[in-house]
Amino acid sequence: MSIKPKFYVKDLKNHVGEEVTLKGWLYNKRSSGKIQFLILRDGTGYVQCVVFKGNVTPEIFEAAEKLTQESSFEVVGKVKAEPRSVGGYELDVTDLKIISIAQEYPITPKEHGIEFLIDNRHLWVRSKKQVAILKVRARIVKAIRDFFDSHGFTLFDPPIITPNACEGTSTLFEMDYFDLGKAYLTQSGQLYEESGAMALGKVYSFGPTFRAEKSKTRRHLTEFWMVEPEMAFYDLDDNMDLAEEFIEYIVQTVLNDCKEELIILERDTSKLENIKRPFPRISYTEAVEILKRKGVDFQWGNDFGGTDETIIGDEFDKPVMIHRYPTEVKAFYMKRDPENEKVVLAVDVIAPEGYGEIIGGSQREDNLDLLLQRINEHGLPQSFFEWYLDLRRFGSVPHSGFGLGLERTVSWICGLEHLREAIPFPRMIYRNTP
RNA sequence: UCCGCGGUAGCUCAAUGGCAGAGCAUGCGGCUGUUAACCGCAGGGUUGUAGGUUCGAGCCCUACCCGCGGAGCCA
């Protein structure tokens, strides 16, 4: 026997005048003596169910009275268009069955502090705003896959467990790996993607990555999702063209497909409608000039901090692509600019409205000798990178790629204050539960 | 690791060094169109922990614990 629902709230508009059965949870309740208004949510939407004392048996009316916030129940009723009701439709209840009465639910319709909400993240995800964010996240994930799948890319999954640091810079989560000593959780699949690009031309990976840095800001998680395309025969300009088209596609897809969610999130969509190619492209050196013009005491050669990024980003109403960073502040695998040895062919994309870096990418060093030199300069053990150097020994080609942080993108598009709401169960330096 | 702010009822917050309070949630009662409904009543407290100052400490002092915001680091 099947118990799965035949109707969901999102389908009600096609069943006006019909009697349907809905299953879900009580989001909120209001009553006025002989009439009760039950707000049912079922994951697809919210609908007000009206229980009139005259229309139902005393038992059914009493059952409705017993329902507490987040109790689960099944309700039968006739769908009608009702402008007074949120969502425009409501259900005239004729029958109601309690599935499970909820204990006193901790998250009330009033305000809560962030500590309490995160402690109750497993329940918090039921809230209207969180449901909207998670739906937008899911839509962005699909948009990302659709974009690459339809642009000639092949999904190429890198390992999560790795023997060494990819970039040799950030701190990694460490573990014992049987008799082989230490292993680490990946901080990027990029080096592996490069081998994929040499095999399949254009590849991408999409999955969780891990950073053990003790960053304690609204822009950091220790576990976050990253999409990393890597393309053979792409130079920096080709890379930027792709990044630009990619971001435009994601934003325009969400605008088109997540209208209700963006309303719930009270997002100013005019700022998103503006996210159309071309995006401004400035060099690092030009970005430094912007900072100096704004009165920031900034030395050419340093990396930008969070506030620097915001100042630069505020100069533009679209994502800004900053390219050609000083060699010293960037990773060993980035190709040096043939026209200026002091900079590498890297690009960071800064989202508007203070959301910071959402993309970091570069053209990769494809010359074996120069790559070896860079590995030595960074004090990295060459033995770990022999397989990576092979990619330059056996038919090396110019190639490029980038990584986009999913949660930062979700956060920007949804207009969130903090990255922790952009993932179901955030992992942060002082928080790994629930 | 550093700087700043905070910890009082299940939750969000008040309380001049002088009786520990409100709203929401919960329970009971009322109301036939509510929109975070409303009205009445009730229960609910080791004020983060340990010390200290004081006639008297939620409030002042010391240490510690926990959290939040930021810096550094990083995407």
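Chain naming here is simple, since letters A, B, ... match the order of the sequence lines and numbering starts at 1 in each.
- Salt-bridge check for E309(A) with R408(A): failed, with every basic side-chain N at 4.0 Å or more from each acidic carboxylate O.
- Comment: E261(A) does not engage R139(A) in a salt bridge, judged by the lack of any side-chain N to carboxylate O separation of less than 4.0 angstrom.
- C41(B) and G27(B) make up a base pair, with Watson-Crick or G-U wobble contacts both under 3.5 Å.
- Panel note: side chain E407(A), backbone W225(A); a donor-acceptor pair is recorded below 3.5 Å.
- Taking every heavy atom of residues 410-429 of chain A and every atom of RNA chain B, pairs under 4.0 Å involve H418(A), R420(A), by number.
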* To do: Go through the steps to decide whether E104(A) and T68(A) satisfy the test side-chain contact (heavy atoms from CB on, under 4.5 Å), and finish with yes or no.
  => CA-CA 8 Å; E104(A) 193 174 327; T68(A) 54; over 6 Å; no
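- Picking from A75(B), G33(B), U26(B) the nucleotide with the shortest atom distance to the side chain of E104(A) gives U26(B).
- Salt-bridge annotation for E289(A) and K292(A): absent, with no side-chain N of the basic residue lying under 4.0 Å from a carboxylate O of the acidic one.
- Between F224(A) and A75(B), a base-stacking contact is recorded: ring centres under 5.5 Å apart, planes less than 30° from parallel.
- Between R364(A) and E230(A), at least one side-chain N (NZ, or NE/NH1/NH2) sits under 4.0 Å from a carboxylate O, which counts as a salt bridge.
- Considering only side-chain atoms of S32(A), the nucleotide from G69(B), A75(B), G33(B) that sits closest is G33(B).
- Residue R30(A) has a polar side-chain atom (N or O) positioned under 4.0 Å from OP1 or OP2 of A37(B).
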